[in-house]
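As structure tokens, the structure follows; a few thoughts come after it.
Since this is a predicted model, take the numbers as computed values, not measurements. Every heavy atom of this structure was used, including side-chain atoms; hydrogens, water molecules and symmetry mates were not.
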Amino acid sequence: MQQRTIGDVTVSALGLGGMPMSIEGRPDENRSIATIHAALDAGVTLIDTADAYHRDANEVGHNEELIARALRSYGGDTSGVLVATKGGHLRPGDGSWTKNGRPEYLREAAKASAARLGVEAIGLYQFHRPDPEVPYAESIGAIRDLLDEGVIRMAGISNADVAQIDEANDILGGRLVSVQNQFSPAFRSSLGELQHCADLGIAFLPWSPLGGISRAGAVGENHGAFQRVADARGVSPQQVALAWELALAPVVIPIPGASRPASIQDSVRAVDLELTADEIAALSDEAAPVGEAAQ
């Protein structure tokens with residue numbers, strides 16, 4: 001598996017997103033654990049989760065606990081696996097998402113996540129989404145304090161624009177290591193943030209890199225250029241999409257979600273798919289379908 005870096009940590013060039021294993025429509029636990037184990041077998045050393053990845057109101061941290069169990073039950077060495085989690089987004093249990101960026105909440109949320117993951121310090125903790133009711137600087141200040149106190153080893157942000165990236169990095173004293181934003185063939189409006197991260201040497205982690213749970217299977221159908229390259233190469237259009245994202249900058253580390261071993265096994269093959277300059281240009285020039293860019 002090719003490697004990329006987040007802060008001072010080397011990880012696989014492609015990670016595993018845990019959300020589909022814990023929200024609505026999730027599989028049974030045995031299949032989820034098999035999916036995580038398949039990712040580890042394939043060389044994945046970055047797993048992304050969040051305390052908000054759950055379905056019911058009374059199961060906050062479901063995905064964190066699931067990942068912790070999967071790592072404990074894995075037969076191989078997991079010491080090199082970086083588990084990245086997030087705080088500041090909430091699910092009240094009715095299918096909606098809410099926000100809480102209050103510093104006191106984030107401090108307690110991070111400590112609860114560490115307990116669920118069974119670690120003394122969280123490898124990478126990311127502020128999940130800006131809360132319009134709380135000044136951004138106050139939320140990031142809490143992340144800085146967690147970093148200074150050793151509750152977390154590295155700090156990141158999610159769903160941030162360029163100005164927020166710079167503000168967070170300044171508040172963190174230049175210690176911002178990752179930005180996790182939505183980016184895919186269907187959602188390209190965060191390309192500016194991706195390029196800004198590349199300029200700063202900050203890891204950019206595209207979430208929903210295949211367009212989201214409901215659209216991942218239709219990448220080729222919705223994006224003709226990706227299907228054409230896939231047909232020419234004898235690979236899946238999903239592999240082409242991930243390979244394209246990897247080719248955009250050396251800081252990009254896609255984190256496709258998966259709930260079946262076969263899905264992550266297919267995704268991982270994208271790391272070894274080297275696209276030509278002409279292919280990258282054709283994929284980059286294809287316009288996102290109308291109605292798919294706004295989510």
Side-chain angles (χ1 to χ4, degrees), residues 1 3-12 14-22 29 32-41 43-54 59-91 100 103-128 139-158 168 172 175-180 202-203 205 207 253 255 257-258 264:
M1 173 74 76
Q3 306 289 298
R4 294 196 169 181
T5 59
I6 299 178
D8 61 357
V9 176
T10 300
V11 299
S12 53
L14 187 138
L16 169 67
M19 187 175 77
M21 292 180 270
S22 290
E29 181 165 313
S32 292
I33 289 179
T35 300
I36 297 168
H37 287 178
L40 297 171
D41 288 342
V44 171
T45 57
L46 171 65
I47 302 177
D48 178 77
T49 183
D51 60 1
Y53 292 168
H54 62 90
E59 55 174 23
V60 174
H62 179 279
N63 196 246
E64 292 173 326
E65 293 177 339
L66 173 68
I67 288 167
R69 286 194 295 274
L71 291 174
R72 286 195 299 268
S73 64
Y74 185 63
D77 181 16
T78 60
S79 61
V81 176
L82 175 65
V83 177
T85 191
K86 300 180 286 296
H89 224 354
L90 299 86
R91 301 203 77 200
N100 190 339
E104 59 272 22
Y105 171 78
L106 291 172
R107 284 193 286 268
E108 292 307 313
K111 293 173 183 177
S113 288
R116 285 189 291 265
L117 291 169
V119 297
E120 292 185 4
I122 296 172
L124 171 59
Y125 193 71
Q126 302 159 103
F127 180 40
H128 203 153
S139 299
I140 301 302
I143 305 299
R144 177 200 57 213
D145 294 344
L146 290 166
L147 192 59
D148 291 342
E149 294 166 13
V151 177
I152 65 176
R153 285 198 60 250
M154 296 187 293
I157 55 177
S158 185
L172 291 167
R175 294 178 293 173
L176 180 68
V177 302
S178 67
V179 174
Q180 185 177 143
I202 293 171
L205 315 179
W207 62 263
I253 306 173
I255 46 172
I264 190 60

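For the pair Ser12 and Leu14, the tightest heavy-atom approach, listed with the atom from each and the gap, is OG-O, 2.8 Å. Here the closest heavy-atom approach between residue Leu16 and residue Val44 is recorded as N-CG1, 3.9 Å. Between Ala142 and Pro103 the shortest heavy-atom distance is CB-CA, 3.7 Å. The minimum heavy-atom distance linking Ile152 with Ala155 is given by the pair CD1-CB, 4.2 Å. Across every non-hydrogen atom of Ile253 and Ala203, the tightest pair is CD1-CB, 4.4 Å. Annotation for Ile33 and Ser73: closest pair CG2-OG, 4.0 Å, computed over non-hydrogen atoms.
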*Check the pair Ile67, Tyr53 against side chain to side chain contact (heavy atoms under 4.5 Å, CB included), reporting the backbone distance first and the verdict last.*
CA-CA 11 Å; Ile67 288 167; Tyr53 292 168; over 6 Å; no

*Check the pair Ser22 / Leu66 against side chain to side chain contact (heavy atoms under 4.5 Å, CB included), numbers first and verdict last.*
CA-CA 8 Å; Ser22 290; Leu66 173 68; 4.2 Å; yes

*Take Asp48 and Lys86, measure what side chain to side chain contact (heavy atoms under 4.5 Å, CB included) needs, and give me the verdict at the end.*
CA-CA 9 Å; Asp48 178 77; Lys86 300 180 286 296; 2.8 Å; yes

*Report the C-alpha distance between Ile47 and Leu82 in whole Å, list the side-chain angles of each, state the deciding distance to 0.1 Å, and finish with yes or no for side chain to side chain contact (heavy atoms under 4.5 Å, CB included).*
CA-CA 6 Å; Ile47 302 177; Leu82 175 65; over 6 Å; no

*With salt bridge (charged side-chain N to carboxylate O under 4.0 Å, His left out) as the test, would you mind laying out the steps for Arg175 and Asp148 before giving the verdict?*
CA-CA 11 Å; Arg175 294 178 293 173; Asp148 291 342; 2.9 Å; yes

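Thr85 places a side-chain heavy atom less than 4.5 Å from the side chain of Ile122. Side-chain atoms of Leu71 and Val83, non-hydrogen and from C-beta on, do get closer than 4.5 Å to each other. By the 4.5 Å heavy-atom criterion applied to side chains, Val60 and Arg116 are counted as neighbours. Looking only at side-chain heavy atoms (C-beta outward), Val179 and Leu205 stay at 4.5 Å or farther from each other. Side-chain contact between Arg153 and Leu124 is absent, with no heavy-atom pair separated by less than 4.5 Å. Using a 4.5 Å cut-off on side-chain heavy atoms (C-beta onward), Gln126 and Ser178 make contact. Annotation: side chain of Gln180 is not in contact with side chain of Ile157 (no heavy-atom distance under 4.5 Å). Side-chain contact between Met1 and Gln3: present, with at least one pair of heavy atoms (C-beta onward) separated by less than 4.5 Å.
Atom CD of Glu149 and atom CZ of Arg144 lie 10.0 Å apart (nearest 0.5 Å). Phe127 contributes atom CZ, which lies 6.0 Å from atom CD1 of Ile140 (distance to the nearest 0.5 angstrom). The structure places OG1 of Thr10 at 12.5 Å from CZ of Arg4, a figure rounded to the nearest 0.5 Å. If you take CE on Met154 and CG on Asp8, they are separated by 6.0 Å, rounding to the nearest 0.5 Å.
Just one of Ile264, Val81, Thr35 meets the side chain to side chain contact (heavy atoms under 4.5 Å, CB included) condition when paired with Leu40; it is Val81.
Other residues, nucleotides and ligands contribute over 12 non-hydrogen atoms within 6.0 Å of the CD atom of Glu104.
Ionic pairing of Asp51 and Arg91 is not present here: no N-O contact between side-chain nitrogen and carboxylate oxygen is shorter than 4.0 angstrom.
Sorted by first and then second residue, the salt bridge (charged side-chain N to carboxylate O under 4.0 Å, His left out) pairs involving residues 68-81 (not counting sequence neighbours) are Glu29-Arg69.
Close placement of the His89 and His128 rings is indicated, their centers lying within 6.0 Å of each other.
With 3.5 Å as the limit, one finds a donor-acceptor pair spanning the side chains of Ser113 and Glu64.
Under the 30°/60° scheme for interplanar angles, the aromatic rings of Tyr74 and His37 are found to be tilted.
Panel note: side chain Thr5, backbone Gly7; no donor-acceptor pair is recorded below 3.5 Å.
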